Amino acid sequence: MTDRRKIIDGKALSEKIRGALKVKASAYESANKRKAGLAVILVGEDPASQIYVRNKIKACEEVGIRSFAHYLPKEAKKEDIIGLVETLNADKSVDGLLVQLPLPDKNDENEILKHVSPLKDVDGFHAVNAGNLLLGNACLAACTPSGVIELIKSTGAEISGKHAVVIGRSNIVGKPVAMLLLQENATVTICHSKTENLKEITKTADILVAAVGKKEFVTADMVKDGAIVIDVGMNRDDGKLYGDVKFDEVSEKASFITPVPGGVGPMTITMLLSNTIKAAERGSN
Ligand code: GUN
């Protein structure tokens with residue numbers, strides 16, 4: 001049995017942060033005579049995206065953020081989506097704006113995301129925000145990576161000077177989480193599908209972030225005793241959700257570990273709410 005004290009409870013941390021965001025949202029409303037606002041664009045009917053969007057809208061309501069959901073048919077043209085993005089960029093009741101991914105035509109994604117105002121880009125996907133993150137400037141950082149950092153900090157463990165290994169180099173998780181860890185003064189290694197001797201590297205990690213997208217990819221023999229293990233995986237198999245980490249065996253070695261579900265997952269929307277308040281406070285209109 002895994003010692004429960006080792007398990008980082010993402011749901012509890014999420015609730016704690018949302019409590020603080022509620023206070024900020026209310027202060028923003030009092031000072032500005034309107035709620036902070038988040039607009040979400042969903043194109044098509046991808047079932048997972050529909051659930052994500054519904055959860056984002058519900059979370060907004062709970063903390064006192066006004067939400068604007070825009071649903072476009074899957075046949076919507078790139079120009080129509082960009083037109084809606086531009087309208088929302090100019091809408092003064094909208095502080096944060098995101099386009100739910102994946103889009104029905106993945107080829108359109110880069111082009112469309114370019115049009116989101118960097119000041120409203122609460123996903124942190126725009127090149128301006130990604131670039132500012134790299135440079136260590138103030139920016140809106142991607143939500144899942146920000147959640148990973150909060151989870152690590154919640155353990156009370158020192159990040160500075162530690163070896164953090166990230167498995168995965170996606171623009172949404174791997175790269176930004178590596179930059180955030182670097183900002184915390186970790187020594188960062190990014191591993192990916194072409195990495196040679198992966199196990200030799202992961203075994204030296206004090207902090208191991210798994211963002212591979214492969215069910216139970218990280219096994220106990222890849223983990224150092226006492227490591228902090230953060231599992232970003234969301235792999236569905238036969239209706240069940242699995243992480244990228246083989247939890248039962250890795251939890252025996254780790255000092256702290258996030259479960260799936262209930263680890264990183266709940267933090268992503270919380271950091272989205274946090275970015276929306278941040279965008280509103282900084283002034284995105
Ligand atoms: N699809 C899966 N994760 C995300 C996310 O964090 N933001 C957006 N916009 N789409 C997603």
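Predicted model only: the values in this text are computed from it and were never measured. Order of listing sets the numbers, starting from 1, for every ligand and every atom in it.
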Query raised in the report: Are Ser117 and Leu97 side-chain neighbours, meaning at least one heavy-atom pair lies under 4.5 Å?
Result: no

_Residues Lys199, Asp221: salt bridge by 4.0 Å N-O rule_ = yes

Under 4.0 Å from ligand 1, residues with heavy atoms, in chain and number order, are Lys56, Leu98, Val99, Gln100, Leu101, Asp123, Phe125

Within the distance-only criterion (no hydrogens, no angle test), does the side chain of Asp244 pair as donor or acceptor with the backbone N or O of Asp231 below 3.5 angstrom? no

- Any side-chain donor-acceptor pair under 3.5 Å between Arg236 and Tyr242? no

Separation between NZ (Lys56) and OG (Ser49), nearest 0.5 Å, reads 8.0 Å

* Can Lys106 and Glu109 be counted as an ion pair, charged N to O under 4.0 angstrom? -> yes

